[in-house]
Amino acid sequence: MSKLIKFLKGQDLGLSETALKILEEEEINGSNFLDMTKQDFQEYDMKGGSAMTLVKFAKDCKEKKLKTFSSYRSLKEVLKKYNIDGNGIGMIRQFLSVTYKLEDEDEELQQCIKKIKHRLENMGTLLADSNEAIHCEYISAILHVSLYIIKKITDKELTLASQLEVVGEESTGQVDYTIKAFEELICITEGKLLTNIE
């Protein structure tokens with residue numbers, strides 16, 4: 001599956017599998033996609049609705065002149081953009097969170113803790129030079145259990161997706177994890193090794 005197809009699938013455009021298959025069969029890539037017209041898509045036997053959706057989306061992407069997340073050289077560069085002086089996430093003002101009481105004897109909580117422990121034991125010690133995939137395994141174990149507990153406490157319908165392509169007003173790119181409440185994106189996170197920047 002091409003990067004373009006993965007990207008479009010992550011955008012909730014409501015495209016049919018037929019439309020995506022046409023893009024794949026015609027070997028349409030990202031740079032070609034941005035220049036295509038409704039007529040171009042229809043010449044490949046794509047239905048009018050899908051063709052219009054893709055043309056509008058391509059136009060939006062071109063107008064926003066999106067910058068990739070990975071084009072930032074450092075966290076310090078991102079923080080500076082938002083007038084935060086410093087080079088660590090500790091400089092970001094924290095939001096106030098609501099506290100929920102969990103009973104230590106709660107059977108489901110105990111099961112969740114056991115799952116985390118089992119996964120972490122299977123993976124061994126996290127070393128400083130471990131690759132990003134290993135970091136993501138640790139994060140995944142904790143995120144899945146945490147999300148389960150949050151759903152139980154709040155009765156909110158939340159979903160966790162990994163390796164999702166995200167398009168924002170200023171940036172676009174693939175992120176390691178996203179958490180959604182219905183169709184609203186409420187959290188994006190990356191599994192990165194914490195390093196000190198001098």
Side-chain angles (χ1 to χ4, degrees), residues 1-75 77-78 81 119 122-123 130-148 150-151 156-193:
M1 182 184 304
S2 73
K3 287 184 181 180
L4 176 64
I5 303 299
K6 286 182 186 174
F7 174 71
L8 292 172
K9 280 187 170 187
Q11 301 311 307
D12 293 329
L13 297 173
L15 295 170
S16 67
E17 285 300 318
T18 305
L20 294 170
K21 189 173 182 182
I22 289 170
L23 293 174
E24 193 163 28
E25 287 175 354
E26 296 298 331
E27 298 179 0
I28 307 298
N29 63 30
S31 58
N32 295 341
F33 171 73
L34 293 175
D35 295 324
M36 293 193 64
T37 65
K38 180 180 176 186
Q39 183 178 352
D40 292 332
F41 287 120
Q42 289 183 316
E43 283 178 9
Y44 299 132
D45 294 327
M46 189 176 289
K47 299 285 184 188
S50 294
M52 280 307 301
T53 297
L54 288 170
V55 168
K56 286 179 184 177
F57 183 70
K59 182 181 175 196
D60 287 347
C61 288
K62 281 175 83 171
E63 286 175 358
K64 290 178 183 175
K65 296 178 183 169
L66 299 173
K67 180 178 182 180
T68 61
F69 292 129
S70 60
S71 65
Y72 289 109
R73 289 187 190 86
S74 68
L75 177 60
E77 182 184 344
V78 176
K81 179 178 178 179
R119 278 189 81 175
N122 289 339
M123 290 185 282
S130 297
N131 63 31
E132 185 176 341
I134 297 297
H135 288 250
C136 287
E137 282 292 323
Y138 275 83
I139 293 166
S140 178
I142 295 166
L143 273 179
H144 278 283
V145 170
S146 300
L147 195 62
Y148 176 81
I150 291 167
K151 287 166 69 171
K156 290 189 177 177
E157 189 58 41
L158 303 172
T159 56
L160 175 68
S162 57
Q163 300 299 312
L164 190 69
E165 198 75 27
V166 175
V167 175
E169 289 191 18
E170 296 182 20
S171 300
T172 185
Q174 191 172 55
V175 296
D176 290 331
Y177 301 101
T178 58
I179 298 175
K180 289 171 130 182
F182 296 106
E183 291 304 310
E184 183 182 0
L185 195 60
I186 60 172
C187 179
I188 299 173
T189 187
E190 285 281 304
K192 301 290 183 196
L193 177 64

Please round to the nearest 0.5 Å and tell me the distance separating atom OG of S146 and atom CG of L158.
11.5 Å

Under 3.5 Å, which donor-acceptor pairs link side chains of residues 46-55 to any protein atom two or more places apart or in another chain?
from : atom 1 : to  : atom 2 : distance (Å)
T53  : OG1    : G49 : O      : 3.0

One should read off an interatomic distance between I22 CD1 and I5 CD1, to the nearest 0.5 angstrom, of 10.5 Å

Determine yes or no for a side-chain-to-main-chain donor-acceptor pair under 3.5 angstrom, with D40 supplying the side chain and T37 the backbone.
yes

Roughly how far, to the nearest 0.5 Å, is the CG atom of L20 from the NZ atom of K9?
6.0 Å

Return the set of residues passing side-chain hydrogen bond (donor to acceptor under 3.5 Å, both in side chains) with T18 (not counting sequence neighbours), or none when no residue passes.
none

Other residues, nucleotides and ligands only: do more than 12 of their heavy atoms fall within 6.0 Å of NZ on K151?
yes

Who pairs with T159 by side chain to side chain contact (heavy atoms under 4.5 Å, CB included), at least two apart in sequence or on another chain?
K180

Atom CG in L15, atom CZ in F57: separation rounded to 0.5 Å?
9.0 Å

Of all the heavy-atom pairs spanning F41 and L23, show the shortest one and how long it is.
CE2-CD2, 3.6 Å

